[in-house]
Every structure is written in C-alpha cells, then in structure tokens.
A.B. asks: 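The structure under discussion is supplied below as structure tokens; questions concerning it will follow.
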2 protein chains.
Amino acid sequence: MLKSKMSEFDLIAQYFTRPPRHATLGVGDDCALLTPTPGMLQAISTDMLIEGRHFLPDADPAQLGHKCLAVNLSDLAAMGATPVAFTLALSLPQARAAWLQPFAEGLLALADAHQCELIGGDTTKGPLNICITVFGEVPPGLALRRDAAQVGDDIWVSGTLGEARLALAGLRNEIVLDPSTLVAAARHLHAPTPRVRLGLALRGVAHAAIDISDGLSGDLGHILQRSRVGATLDVDALPPGPMLSHQPLDLRRRFTLAGGDDYELCFTAPSEHRKAVLAAAHSADTAVTRIGSIDAAPGLRLMDSAGAALTLQLSSFDHFSSP
Amino acid sequence: MLKSKMSEFDLIAQYFTRPPRHATLGVGDDCALLTPTPGMLQAISTDMLIEGRHFLPDADPAQLGHKCLAVNLSDLAAMGATPVAFTLALSLPQARAAWLQPFAEGLLALADAHQCELIGGDTTKGPLNICITVFGEVPPGLALRRDAAQVGDDIWVSGTLGEARLALAGLRNEIVLDPSTLVAAARHLHAPTPRVRLGLALRGVAHAAIDISDGLSGDLGHILQRSRVGATLDVDALPPGPMLSHQPLDLRRRFTLAGGDDYELCFTAPSEHRKAVLAAAHSADTAVTRIGSIDAAPGLRLMDSAGAALTLQLSSFDHFSSP
C-alpha cells in the first residue's frame, strides 16, 4: 500500500493497529492475508463517505466511526453474510488525536461487536474522506440477492423508517422540532444499527433483500428492477420512527417512504414463510413489519390503509447536499 | 452500498459495469460475491489516491486509470499473489464522459491484462479521490512477507529505479530536462508496470519482498524493521532508469535510492538461490539486479562501488506535496 512519510500520518496507524485475529497477517505488510472458510462465498462491499455529503462537517467523531462501518455492515446484512473483516482508507486534512482517538474507538467498538476485524488500510492527507471495504461470508445459494424477488412474495421491512430523515429536517431547519425530539431522532441518523443478525436469520427464509440507505421506495425499486417484477405498498403500514410517529400524516408518509439513511432491511419472502419470518425476527431481536406484496405488473403502486391509490411527491435522499 | 440518486452519477456505473467473470455476482447488488479458490489464502490491499498528492491535477485520465490499479497490483506482486478482483470507490467533482471514459478504459485495460475483475464500487460527488481495494490469492506458506528477511540474504531489485522521480523533478522545474528526456521519463511516472509475474515467479525463491512506492531506502527499511535485521547496499549497483543514467552521479544516487513511485519489487533471497532468482526473473521477462545483503546489525549501511561508506542526504518521496 502507499505509505505516508509525514510523521503525524505514520502515527495514525497506531490508533487502528491491533494484533491479527481472524487474519493470518494484518496491518503492516503490502497486503493483509485472510484464510477463507472452506465452502463459503465471500461477500464484498465498499462505501465512500464524504464530509458535507454523507455526514455533517461537525459530526461527532465517535459516532462517525460507528456510522462508517455500520453502513458497510448493513450491506453484508442485506446479503445475509456474516461479517469477517474490513479495510479502512482515510484521507484527513490533519492528523489530530482529539479526532482520531474517538473515531477509532467508535469504529472499533462496532467492529468488535460483530467480530469484524480491521485488517489493513491507507491514510493520506487531503479532504476528509472515509472509504471502507468490508468482507463477509455466506453459504452458496443462501445469499439474499436483489434479483430473487418472486411474484406473490410479501414485502417486509425491519425496525422503523424515517427517523433519520426527521432528524435531518430538524438540523436543516426544514421543520421546527423541539430539542428533545431532535436529540432522540438524531440517534437514528448518527448511530444506525446494522441488521446483521436479522440478515443471518433470514437465510433460507427470505428471497430478496436490500438495505435502505436512500429511502424505501428507491431501494425497493432496485429489487423490482433486478427481479423484473412490480409491487404494491400499504403506505400506512410503514412503521414510523418513535419521534416521527407524532408528526403530521403527510410528513410521516414521505419520510417513511423516501427518507433515507434508515439502514433497515427491506426484504421479500413467500407468504407461506410468514411464521418463519417472524421467528427469524424474534431470534434476531428485531421488529419486522409486512408492508406490501410483489406483483407481476412492473412499477411501484402506493395504497393507503383503506386500499385507495396514493400519489405522493417524493424526492429521495440527497446525502446532505444543498436542498 | 450507498447509491447516488443524481442521474449523472447513476450513469457512471455504465462505464465500469460488465458481466461477471470470476465473480458469482458483480456490480449492482448490496455486495459482490466471490468464490475463493479452495486452499488458497486471500491477499487484500487498499490504496487511496488524491489529486495534488498522488497525481498531478492535469493527469491524463487513461494513464491515471492505469496507475490507480497498477499501484494496487504492485502490492499483490510484492506478496507473490495472483490478482483476482478489485473494487473501485470514486469521488468526483463532476461526472464528465470526457474524463470517465478514458479513465475507465485505462483502468480496465490493465485489469484485463491481469484478469483482475472489477466486482463492485461506489461513486459520489466530491473532491477527486480514487480508492481501490484489490484481492489476490497465494498458497499458504508462499506469501512474500516483509518480516521474512534473514541474515545473509541477498537484496535484489527489479527493473530500474529513479526514473519517475527524474520526471517529477523535471515537471516541478527542480532540474532542467530536455523535452524528449522528460517525455521518456514521464512514462515511468504515469504508467508504472506492476511486477505481478515476477512476484509469482519468486514464490518459494525469495524470502521477503516489498514494492517500492516511497523510495528504496525507506521501503527496504520496512523489511529491515519487520524482520529485525540490517542491510548493506552498494549504491552504485542500483540500476538507474534509462534517462536517469545520463544524469550526474549525485542525482543518480539520490533518485535511485530515495526517488519513490518506482513500483519495482525489492526482495531478499538466500545466496544459494541466485540461479533460481535469475531463472524466475527470466521467466517473468523482468530484469533483476543484486544490490546488497542482509546483516545482523540493525540499520542501513550505504557503500560506493569501491566499498567505501557513503553518507547521503536523502529525503523520501513526498507525494507531490509542495517542496
């Protein structure tokens, strides 16, 4: 890997270097060495997060460390893959211990919770940019792919939706929130919980899955496109976050349907698997809600709780870019 | 992975998306899926390249695409690993076809030459930043690690050194080069050749290896540190690049020893393997030069061709930062 000669950047590695565990060889050589588990497929995902686009310039470094890995673990969860390891590439304007230490702590605490080992990386001086590549394992045939939804499948979602978007609306002064509401909602924005356990429990139970990063309607759209199917959603069945549930109906609908930054799983499963889905959710200690069904006709149809067709003006999540 | 909703950024994927080959599932799901070869270790490296730091702002996009992957393949070469696949995370100020198309072509031409498949990625709007994570395979016990040098080993280097640093000196007006010299030297700077075939041929022949990105003396220093040994180098045995060979002795010594951006391999091998090293080099169609030996005494000692000790003022490669 590229090696920085700036002494302060050499020091960065100290915050992230620990003895190898899964890995045969970890941080500090040209490459890390991993021993794949025989018979398993390897799932790989990469995400690049940029200040001002994916997180606010004053983001708390510990929460940011958590979130950067969480969005990657969420991709493994959506594939039904067990986390194994990750690499971190970090561009920083300057190497400050007051930022690096809590960032590393937030990152490694979540990594430890999932036994996901930091095996290598790269640091350089430049605009703040955090790029993580994560590795997981899944048995052949059990990966939860986007192209596996079938006509007649139920559509499910984990947890609650829209709370992160509510927090963002408050922080941006798009709407006025009282301080305690804002603080409560902001936890969903800054410290999402990747649904790794649920993803594992859904192996062999769900057909298709995706994690909701850009908003349910857009992300479900990827499943529909790749599976060449359509869907009907009961918009009023979408589970709003606890603070969002007190907001007006229109806001609730828009933020649950297209809020973004939820990092919940949206998945499809045959209707004869309803009990198995609920058992999987129970075993993963994660709530799930049935929100619609997969149809043969292309497109996404929205209904209210009375079964009447809805037309909503939706704009998907724009990653903190200016409105 | 994070998904961009900006239509021009959605289009970026088109430049990079091709049908999967090695991969069970490529670009377009939450994760890519790879099937590891049974019994092999996986080698993983990540490098982040930033405009103004690792490449010049007016870099030719096709050469830049080549170079970004080349520096990663060079890490696999230094481990003796066979390239398999890579991910690309790209932050761009704007999505321009005039830049993206040649960048993708340069990148994918080198990828195809090494049968190294692009299996996933992420694109976002932001300051230009290119982060590649590369995957290779190596049989257990045959990886060329930095910590494996032994006292008495010969020290070898592939190809020539210092030519990229000569080009940089010319581009920065540190020295005056005639235009044809500058153009010839710049090929080494902009389009390095990763020594993948040599790395593979050195399995079981070499002990330790590293790729030279920051300059021979600094990178050899990593081998010495990790292997807890020292070394003596014959500075006048270092092979200068073709244009550098016409430069004054002091410049030749400084640029071969500490130029940087060479992407040659520095490796150690027992002296009884000299014939085997030369046979490996021949099979890989890559020149190698014996430049010194590993000693028990810590530190790096420099000698001239007459065996007299040298003291050189060296400053290592500073990644295009201001002098």
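Protein chains get the first letters and strands the later ones, always in sequence-line order, with residue 1 at the start of each.
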A.B. asks: Looking just at side-chain N and O atoms, do B:Asp211 and B:Ser74 make a donor-acceptor pair shorter than 3.5 Å?
C.D. replies: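 Present: a donor and an acceptor within the cut-off.
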A.B. asks: Against chain B, label A:Ala143 side chain, backbone, both or neither, depending on which of its atoms sit under 4.5 Å from a heavy atom there.
C.D. replies: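 When you check distances to chain B, only side chain atoms of A:Ala143 fall under 4.5 Å.
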A.B. asks: A:Pro127 versus chain B, heavy atoms under 4.5 Å apart: side chain, backbone, both or neither?
C.D. replies: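 When you check distances to chain B, only side chain atoms of A:Pro127 fall under 4.5 Å.
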A.B. asks: Give, as side chain, backbone, both or neither, the part of A:Leu76 having an atom under 4.5 angstrom from any heavy atom of chain B.
C.D. replies: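 For A:Leu76, heavy atoms of backbone and side chain both lie under 4.5 Å from chain B.
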A.B. asks: Judged by atom type as modelled, is there a donor-acceptor pair below 3.5 Å linking the side chain of B:Ser227 to the main-chain atoms of B:Ala208?
C.D. replies: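 Not confirmed, B:Ser227 side chain does not pair with B:Ala208 backbone.
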A.B. asks: Do the side chains of A:Pro192 and A:Asp261 get nearer than 4.5 Å, heavy atoms only?
C.D. replies: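 Side chain of A:Asp261 against side chain of A:Pro192, heavy atoms only: no contact under 4.5 Å found.
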A.B. asks: Can you say whether A:Arg226 sits under 4.5 Å from chain B via the side chain, the backbone, both, or neither, judging by heavy atoms?
C.D. replies: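 Side chain only.
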A.B. asks: Where does B:Ala43 contact chain A at under 4.5 Å (heavy atoms): side chain, backbone, both or neither?
C.D. replies: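 Both parts, backbone and side chain.
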A.B. asks: Between B:Val134 and chain A, which part of the residue has a heavy atom less than 4.5 Å away: side chain, backbone, both or neither?
C.D. replies: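 For B:Val134, neither part sits under 4.5 Å from chain A.
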A.B. asks: Report which part of A:Ala81 has an atom under 4.5 Å of a heavy atom belonging to chain B: side chain, backbone, both, or neither.
C.D. replies: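 When you check distances to chain B, no heavy atom of A:Ala81 falls under 4.5 Å.
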A.B. asks: How close do A:Ser158 and A:Arg195 get, counting heavy atoms only, and between which atoms?
C.D. replies: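 For A:Ser158 versus A:Arg195, the nearest heavy atoms are OG-CG, 3.7 Å.
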A.B. asks: Verify the distance criterion only: is there a donor paired with an acceptor across the side chains of A:Ser217 and A:Arg254 at less than 3.5 Å?
C.D. replies: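 A:Ser217 vs A:Arg254: no donor-acceptor pair found between side chains.
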A.B. asks: Which pairs count as ring pair (Phe, Tyr, Trp, His ring centres under 6.0 Å) when at least one residue sits in residues 121-148 of chain B, sequence neighbours excluded?
C.D. replies: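 Residue pairs with at least one partner in residues 121-148 of chain B: A:Phe135-B:Phe135.
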A.B. asks: Contact part of B:Ile50 toward chain A, heavy-atom cut-off under 4.5 Å: side chain, backbone, both or neither?
C.D. replies: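 For B:Ile50, side-chain heavy atoms alone lie under 4.5 Å from chain A.
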